[in-house]
Number of protein chains: 2
Amino acid sequence: MLTTERHEIILQLLKEKQTITLQDIIETTSASESTIRRDLTELEKQHKLERIHGGATLTERKLQEFSITEKSTKNLQEKIKIANYASSIVQDGDCIYLDAGTTTLQIIPYLQDKDVVVVTNGLTHLDSLIERGITTYLTGGLIKPKTSALIGQQAVQSLQNYRFDKCFLGVNGYHIDYGYTTPDPEEAHMKQIASSLAKEVYVLADSTKHNKISFAKINDLQEAQLITTEIEADDLSHLTKRTNVKVVNN
Amino acid sequence: MLTTERHEIILQLLKEKQTITLQDIIETTSASESTIRRDLTELEKQHKLERIHGGATLTERKLQEFSITEKSTKNLQEKIKIANYASSIVQDGDCIYLDAGTTTLQIIPYLQDKDVVVVTNGLTHLDSLIERGITTYLTGGLIKPKTSALIGQQAVQSLQNYRFDKCFLGVNGYHIDYGYTTPDPEEAHMKQIASSLAKEVYVLADSTKHNKISFAKINDLQEAQLITTEIEADDLSHLTKRTNVKVVNN
DNA sequence: CTATTTTTGAATGATTTTAGTTGATTTATG
DNA sequence: CATAAATCAACTAAAATCATTCAAAAATAG
């Protein structure tokens, strides 16, 4: 039997049963234990599944995909990929800032078991954070109804009370000359301040943000590491002259 | 059986029955007592449930989600009456502070057409406020998951940025000698500071709060106007010696 | 066809999970 | 309040699962 055949079978089994035991797989494929173990290791590396003691289970991401099949726009898939990578940067004990916005929102499920403290100005993040028992500080400030973000002088001031190990920002556009931009100057200002308070700054941007310029400038490219996906080779080579880019592929 | 399978079963049982015994779980999973204990310890660490002597129960938060309707109805009528009166105090142009809690929450519908600015530390208030297009500032601070209130040093500090025309507080008890009290010292502190920043302070308390003493003192009676309902005549006459009481009857 | 690489299965010892036991703690009952 | 019963955390040894290694088998390339 071909390796890829076995992989297909394993993934098929997973789709049906959500979690499977090693024995299950051995019986259906009649391959040896070691072989299946190797398969699982490989598939895990590809983020196709998660190994657990005694077998394997669907990734949280895949689980989401199933539960929101219809809603899963291409965009969301990208954001989840990016968020998944971003979460891998986060370490136990980190204090992190999560910008308001849908991209950073996707990071939260992956923070479940990490011992982190989160500061955010995004009201939409709260349910997800509280649900997972993550210690959360909210910045104060004026509620901007359209995006449910906290902004304004009070928001900026309350940020000053914190220092971050990592800062994750969403943007509306990034451009090699014009840097990172977003429509609302108030929100841009929040992002600037948050950046300045963090040891490491990461900008999360799906492919629709590439080469886009919005109204308010946040920073130049070189002031953050850009995490994106589905970018063309020559675009990438341009970008890498200015900043540290991580391209997430799966 | 896989560990995650058992966990799933346990959570499923919980969803159905709210609280379960260790024996229940042992019978349905046919795993040993020690194993189930380990599972419970693990799941508790993930905030998926709360261990109790002899079994487990849903987290207080989850429980609230389920039973919130019935639990609040008893006092809800009272609270609405009180809130209705409180809102009549509010004038166009006022800047008001709304304490976290279910009583102050009832004020919001009546603020619909008044041109006010609201500051609050209660996350549960947000939906209602935003929905009605009320300009809202949130204090910053640590999120206390149980009550969804913002507390702590950052919360207190961010309050200092404001001055209020009126301040509306909920309490857990008021007593002629011991004043206004509430269980959490952190929340009590927030209420103190908010009071000190307001021209007028109003405490909203339904009849279950009468003569009750809780752990942390907020203020003496005379430092606020008490708004309550369904109070007996001689109790009232005692109270009026110490503070300004408004009794709402309908 | 042979040499080289890749894949496979089996064996090893390490690690994780488990069930049963102990004595301590909590709850129920008279 | 004291006693008994139930529940609990901590420990131990056995079982299951795991990662690693190595040599044989299969696939690939020259």
Side-chain angles (χ1 to χ4, degrees), chain A residues 1-63 88 91-93 110 112-115 133 249-250, chain B residues 1-60 62-63 146 183 215:
Chain A
M1 177 177 298
L2 247 42
T3 308
T4 52
E5 255 185 280
R6 274 199 321 276
H7 287 190
E8 278 307 313
I9 290 176
I10 292 172
L11 294 177
Q12 186 57 39
L13 279 175
L14 259 181
K15 226 182 239 177
E16 288 166 12
K17 315 212 321 184
Q18 203 109 326
T19 63
I20 49 181
T21 67
L22 208 99
Q23 286 307 318
D24 283 344
I25 311 177
I26 292 175
E27 282 167 28
T28 42
T29 61
S30 49
S32 76
E33 190 182 303
S34 325
T35 301
I36 301 301
R37 286 191 191 290
R38 265 188 295 266
D39 288 342
L40 292 183
T41 312
E42 174 65 19
L43 286 169
E44 185 177 42
K45 210 164 69 187
Q46 295 173 22
H47 303 281
K48 301 277 180 63
L49 52 77
E50 239 170 55
R51 296 191 68 180
I52 56 178
H53 196 92
T57 182
L58 284 172
T59 327
E60 186 159 3
R61 196 182 84 213
K62 293 273 176 191
L63 252 166
S88 72
Q91 298 180 321
D92 266 13
Y110 300 105
Q112 177 94 56
D113 300 317
K114 308 203 178 190
D115 184 25
N249 279 321
N250 51 21
Chain B
M1 176 176 299
L2 291 172
T3 309
T4 53
E5 274 184 76
R6 273 199 322 275
H7 288 189
E8 279 305 315
I9 290 175
I10 292 172
L11 292 177
Q12 187 57 40
L13 279 175
L14 259 181
K15 224 182 236 173
E16 288 166 11
K17 316 210 323 186
Q18 297 248 19
T19 63
I20 49 181
T21 67
L22 209 98
Q23 285 308 318
D24 283 344
I25 311 177
I26 292 175
E27 282 167 27
T28 41
T29 60
S30 50
S32 76
E33 190 183 304
S34 332
T35 301
I36 301 300
R37 286 190 191 290
R38 264 189 304 267
D39 288 342
L40 293 183
T41 312
E42 172 67 19
L43 287 169
E44 185 175 41
K45 209 165 69 186
Q46 294 174 21
H47 306 278
K48 302 276 179 64
L49 52 76
E50 243 169 52
R51 295 191 68 179
I52 55 177
H53 195 89
T57 181
L58 286 172
T59 37
E60 188 155 0
K62 297 266 178 194
L63 241 166
K146 193 172 151 193
F215 177 55

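Chain A is the first sequence line, chain B the second, and so forth, proteins listed ahead of strands; every chain is numbered from 1.
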Just N and O in the side chain of B:Thr3: are any of them under 4.0 Å from OP1 or OP2 of C:dT18?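 Yes, because at least one side-chain N or O of B:Thr3 sits under 4.0 Å from OP1 or OP2 of C:dT18.
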
Just N and O in the side chain of A:Arg6: are any of them under 4.0 Å from OP1 or OP2 of C:dT7?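 For C:dT7, OP1/OP2 do not have a side-chain N/O of A:Arg6 under 4.0 Å.
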
Distance in angstrom units between [X] [atom1] and [N] [atom2], rounded:
{"X": "A:Leu40", "N": "C:dT8", "atom1": "CG", "atom2": "C1'", "value": "15 Å"}
{"X": "A:Arg38", "N": "C:dG9", "atom1": "CZ", "atom2": "P", "value": "8 Å"}
{"X": "B:Glu5", "N": "C:dT18", "atom1": "CD", "atom2": "P", "value": "11 Å"}
{"X": "B:Glu42", "N": "C:dT17", "atom1": "CD", "atom2": "P", "value": "9 Å"}
{"X": "B:Ile26", "N": "C:dG20", "atom1": "CD1", "atom2": "P", "value": "10 Å"}

Straight-line distance of B:His7 NE2 to B:Thr29 OG1, nearest 0.5 Å: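 Output value for this atom pair is 10.5 Å.
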
Considering all heavy atoms of both residues, which atom of [X] and which atom of [Y] are nearest to each other, and what is their separation?
{"X": "A:Gly55", "Y": "B:Leu2", "value": "N-CD2, 4.1 Å"}
{"X": "A:Ala31", "Y": "A:Ile36", "value": "CB-CD1, 3.9 Å"}
{"X": "B:Leu14", "Y": "B:Leu58", "value": "CD2-N, 3.8 Å"}

Are side-chain heavy atoms of [X] and [Y] found at a separation under 4.5 Å?
{"X": "A:Ile25", "Y": "A:Leu40", "answer": "yes"}
{"X": "B:Asp24", "Y": "B:Lys17", "answer": "yes"}
{"X": "B:Thr21", "Y": "B:Ile26", "answer": "no"}

The criterion is side chain to side chain donor-acceptor pair (under 3.5 Å); which residues satisfy it with A:Thr28, sequence neighbours excluded?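 With neighbours one apart ignored, the set is empty.
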
Who passes salt bridge (charged side-chain N to carboxylate O under 4.0 Å, His left out) against B:Glu33, sequence neighbours left out?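 B:Glu33: salt bridge (charged side-chain N to carboxylate O under 4.0 Å, His left out) contacts with B:Arg37.
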
Side-chain donor or acceptor of B:Glu44 paired with backbone N/O of B:Arg51 under 3.5 Å: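 Yes, because the side chain of B:Glu44 sits within donor-acceptor range (under 3.5 Å) of the backbone of B:Arg51.
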
Which is true for A:Ile52 with a 4.0 Å heavy-atom rule: it touches a base, it touches only sugar-phosphate, or it touches nothing?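 If one applies the 4.0 Å heavy-atom cut-off, A:Ile52 turns out to touch the sugar-phosphate alone, with no base involved.
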
What are the bounds, 5' to 3', of the part of DNA chain D that sits under 4.0 Å from heavy atoms of chain B?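 So the contact region on DNA chain D extends D:dT7 to D:dA9.
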
Let me have a per-nucleotide readout for nucleotides 24-30 of chain C, 5' to 3', with B, S or -, counting only protein heavy atoms under 4.0 Å. --SS---

Name all pairs fulfilling the salt bridge (Lys or Arg N to Asp or Glu O under 4.0 Å) condition that reach into residues 1-10 of chain A, sequence neighbours left out, sorted by first residue then second.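 Salt bridge (Lys or Arg N to Asp or Glu O under 4.0 Å) check on residues 1-10 of chain A returns A:Arg6-A:Asp39.
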
Below 4.0 angstrom, which residues in residues 27-34 of chain B have at least one non-hydrogen atom near DNA chain C?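 The answer is B:Ala31, B:Ser32, B:Ser34.
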
